[in-house]
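Each remark here refers to the structure printed beneath this line.
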Amino acid sequence: MSTAVPRLIITQDNKFWFDAARDGRLEIQRCSDCDTLRHPPAPACPACRSFSWNTVESTRRGTLHSWTVVHHPKDPAFDYPLAVGLIDLEEGIRLVADIAGVDHDDLELGMELEVGFAEHAHGDVLPQLRRPAAEQGSAE
Ligand SMILES: [Zn+2]
């Protein structure tokens, strides 16, 4: 893999999230004061401005809210065409991630997907949208 692949920018606000991803868990930040869920990770609650938070573990299941297939401009660090989707998670949080293992012509609004994880350059682990495991099993 190319060394031109950009590195993740880990901060004290998002480190918990990338650490969980490395362990195969999708964590959602939750305000300790008003229970509002938020993503991406941020230091303060957008609803009540509290700095107190904890996390809940996502089921990683959801539906495809939108997607795009990127053809251009091409960055030599990535493979094209590159499908990128927005998933509406069961918890009510929306997440953006690459889509893998789904023919681009088969993508449909509202289709069920789940969040898996894939290792990239530099050992970085990022979420990846896939067909639910049950469907993958029946297709093989
Ligand atoms: Zn809050």
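Order of appearance sets the numbers: ligands from 1, and atoms from 1 within every ligand. One-based numbering along the sequence shown. From a predicted model like this one, the values you see are computed outputs, not experimental measurements.
At a threshold of 4.0 Å, the pair Glu57-Arg25 does not count as salt-bridged, since none of the basic side-chain nitrogens sits closer than that to a carboxylate oxygen.
Protein N/O/S atoms found under 2.8 Å from the Zn ion (ligand 1): Cys31 SG, Cys34 SG, Cys45 SG, Cys48 SG.
There is a path of hydrophobic side-chain contacts, each under 4.5 Å, that joins Leu107 to Leu95.
Considering only residues two or more places apart in sequence or on other chains, Phe16 meets the ring-ring contact (aromatic ring centres under 6.0 Å, His included) condition with Trp53. With sequence neighbours excluded, no residue satisfies ring-ring contact (aromatic ring centres under 6.0 Å, His included) with Trp67.
Among pairs with a residue in residues 97-113, none fulfils side chain to side chain donor-acceptor pair (under 3.5 Å), at least two apart in sequence or across chains.
Counting heavy atoms from C-beta on, the side chains of Phe18 and Leu126 come closer than 4.5 Å.
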